[in-house]
Amino acid sequence: MCGILGYAGGREATDLLLEGLRRLEYRGYDSAGLCLLDGPGIAVRKCAGRIDSLAQLVGASPVHGSTGISHTRWATHGEPTDANAHPHLDRSGKLALVHNGVVENYLEIRARLASKGHAFLSQTDSEVLAHLIGEHYDRLPPSPDRLLAAVRDALPEVTGTYGIAIVHADHTGEIVGARRGSPLVLGIGENEFLLSSDVTALVAHTRDVVYLNDHDLVWIADGSYQLTSLTRAQIDREVRKVEWDSEAAQRGDFAHFMLKEIFEQPASLENVMRGRLDWENCSARLGGLNMTPRELRQIDRIMIVACGTALHAGMVGEYLIEELAHLPVEVDFASEARYRNSPLDSRTLVFVVSQSGETADTLAAMREVQRKGLRALGICNVVGSTIARESDGGVYMHAGPEIGVAATKSFTSQVAVFALLGLLLGRLRHLTAPAGRDILEALQALPSQVSEILKYNDAIRAVAEKYAASSDMLFLGRQANYPIGLEGALKLKEISYIHADACPSAEIKHGVIALISPDFPAVIICPRDGVYEKNLSNLQEIKARKGRVIAVAHPDDKTVASMADDILPVPETHPIAQPILNVIPLQLFAYHIAVALGRDVDKPRNLAKSVTVE
Ligand code: F6R
């Protein structure tokens with residue numbers, strides 16, 4: 001949510017910042033800006049709109065310098081306007097700040113500063129923060145670390161969250177950064193430093209990074225950097241290598257990142273399973289859980305917390321773990337779990353699921369259960385993300401960077417992790433070795449089966465185009481395929497803006513069927529599993545009311561073909577692995593509808609990739 005990039009080094013920074021902002025644009029894209037320390041002054045360019053608009057502005061009115069900060073915004077306080085875009089200046093006009101997060105007490109600080117004569121040009125909480133730091137700066141005597149000291153003095157007055165980068169006209173070559181609740185990463189290049197909310201903007205320049213923790217301050221100055229805490233303690237933090245290079249974050253020949261990421265799923269599924277299929281014990285190897293078999297056996301309840309797509313993966317996980325390990329599983333929205341007084345005891349194991357590892361509610365829910373003494377394990381994609389670092393162990397998805405705002409490959413990787421987890425927990429209880437082996441075989445076959453589905457891309461596009469004019473759609477499925485329906489509906493909503501809903505197939509009779517009409521098509525997920533006949537009855541109920549039906553089914557399933565209007569084809573596998581296959585045609589279906597409607601697939605309106613505010 002919002003992207004930050006700062007640069008201090010020997011190179012001309014304008015193009016580098018613009019290029020970096022393009023890589024961050026998926027984090028927020030309603031306005032953008034940059035500022036460069038340009039000789040003795042500070043030059044700011046900012047505007048509402050996308051990075052292209054900012055690039056045009058900079059083209060028309062160039063700025064120069066080799067120290068600068070930049071920002072792409074997802075509005076929280078104040079509409080996306082030129083004035084509300086970052087960077088924001090302090091009262092002196094010499095200090096500039098970019099900010100991710102929310103300053104909760106900004107009205108109070110603003111009123112206090114206004115009474116001292118500060119005038120504000122925007123409606124944002126971020127401008128108030130710039131003025132507050134400027135106020136402290138003006139009070140301090142000149143010294144080499146005056147900017148750092150001003151930031152350190154100001155931040156204790158702030159309630160809320162921030163990832164910030166600050167420059168000052170009198171401190172060329174310097175950037176001060178700080179974080180609380182919003183990610184910030186330092187990139188260490190050759191004689192240069194970068195500071196960003198996300199490694200995606202850094203990998204084109206360096207893969208050596210230092211992840212800041214909450215309450216850390218970083219001071220880049222004189223060709224080196226220093227990490228300290230708000231209480232001035234020196235911090236020695238490991239320099240880590242980013243696993244992937246800038247190639248992985250390029251769109252290549254694909255029309256959109258979302259399509260590229262859908263097509264990457266054979267590889268991302270290989271990656272999530274690599275080294276984790278334990279053929280010898282017919283089980284799974286998940287060493288990152290940091291738990292002994294004995295400890296895993298003592299668990300008598302699992303709780304999964306997440307948001308959005310990750311929540312849907314958790315809901316599939318609920319079915320898989322209950323089926324394989326007979327453990328009760330509860331799944332909750334992280335935004336609810338964090339404020340709920342759910343009875344938890346030491347035998348409850350909590351999983352927090354997050355692609356980005358930075359989602360504010362998921363992080364808060366995790367900290368809440370940890371505060372109560374429970375073990376919280378993370379299922380994350382972004383290595384070094386806050387949830388990955390603060391959890392008590394977990395499983396990395398190794399899906400590679402996911403840039404499209406709509407999550408796709410991270411979802412299938414999350415579900416694969418839950419299948420592995422169910423298998424491991426099951427084999428520590430009463431799942432037999434042959435049953436475990438069947439699951440391993442099904443998991444191992446997934447990448448090639450996903451490739452098979454991707455070959456139907458053109459056929460799926462043809463079906464999608466037929467239904468693109470619909471204003472509503474219903475998704476139905478049973479058991480683990482019910483959350484797959486939820487995920488199909490979410491994909492459609494977020495990128496095509498078509499209203500969609502999902503419910504367990506049989507639930508339609510309890511109200512939803514009233515909506516069915518020839519203009520309200522239903523997608524039903526209909527594998528030949530234990531509830532196949534039941535789903536067929538629901539399909540018939542819709543047909544009897546003149547509803548059009550699109551079925552996710554095996555291409556040779558003549559029964560479904562004779563009943564449904566259209567088929568989204570999927571191969572068959574073990575019921576534990578089937579949900580992973582079933583979601584692929586739904587991702588493509590949503591994608592092609594959005595393209596047919598001319599939507600901005602990778603950057604749908606009102607959204608941002610990583611939701612780091614509550
Ligand atoms: C939907 C989508 C979101 C995220 C949700 C959680 O396509 O991407 O619903 O799944 O914001 O994000 P993470 O997984 O980063 O915690």
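Just so you know, ligand 1 is whichever comes first in the structure, and atom 1 is the first atom listed for that ligand.
- Of all protein heavy atoms, the one lying nearest to atom 2 (C) of ligand 1 is T309 OG1, 3.7 Å.
- Nearest protein heavy-atom contact of atom 6 (C) of ligand 1 is C307 O, 3.4 Å.
- Distances between N or O atoms of T362 and those of ligand 1 include no value under 3.5 Å.
- A side-chain donor-acceptor contact under 3.5 Å links N271 and R274.
- Per-residue contacts place A406 under 4.0 angstrom from the following atoms of ligand 1 (heavy atoms of the residue considered): 7 (O).
- Aromatic pair H312/F411: centroids not less than 6.0 angstrom apart.
- Taking a cut-off of under 4.0 Å to the non-hydrogen atoms of S354, the atoms of ligand 1 that pass are 13 (P), 14 (O), 15 (O), 16 (O).
- Residue-ligand proximity: V405 is placed with a non-hydrogen atom under 4.0 Å from ligand 1.
- Under a 4.0 angstrom heavy-atom cut-off, E358 registers as lying outside contact with ligand 1.
- In the vicinity of K491, heavy-atom distances shorter than 4.0 Å reach the ligand 1 atoms 1 (C), 7 (O).
- Among protein heavy atoms, atom 11 (O) of ligand 1 sits closest to V611 CG2, 4.1 Å.
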*Evaluation steps, side chain to side chain contact (heavy atoms under 4.5 Å, CB included), between S496 and K491*: CA-CA 8 Å; S496 75; K491 289 297 85 118; over 6 Å; no
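- A donor atom on one side chain and an acceptor atom on the other are found under 3.5 Å apart for D392 and Q370.
- Atoms of ligand 1 found under 4.0 Å from any heavy atom of A310 (numbered from 1 in listed order, with element): 10 (O), 14 (O).
- Not counting sequence neighbours, the partners of V417 by the side-chain contact (heavy atoms from CB on, under 4.5 Å) test are V272, I379, V395.
- At a 4.0 Å heavy-atom cut-off, ligand 1 touches E494 through the side chain alone.
- Of the protein's heavy atoms, T359 OG1, 3.2 Å lies nearest to atom 13 (P) of ligand 1.
- We find that D332 and R338 are not joined by a salt bridge, their nearest charged nitrogen and carboxylate oxygen being 4.0 Å or further apart.
- Residue pairs meeting the salt bridge (Lys or Arg N to Asp or Glu O under 4.0 Å) criterion with at least one partner in residues 195-207, sequence neighbours excluded, are R27-D198.
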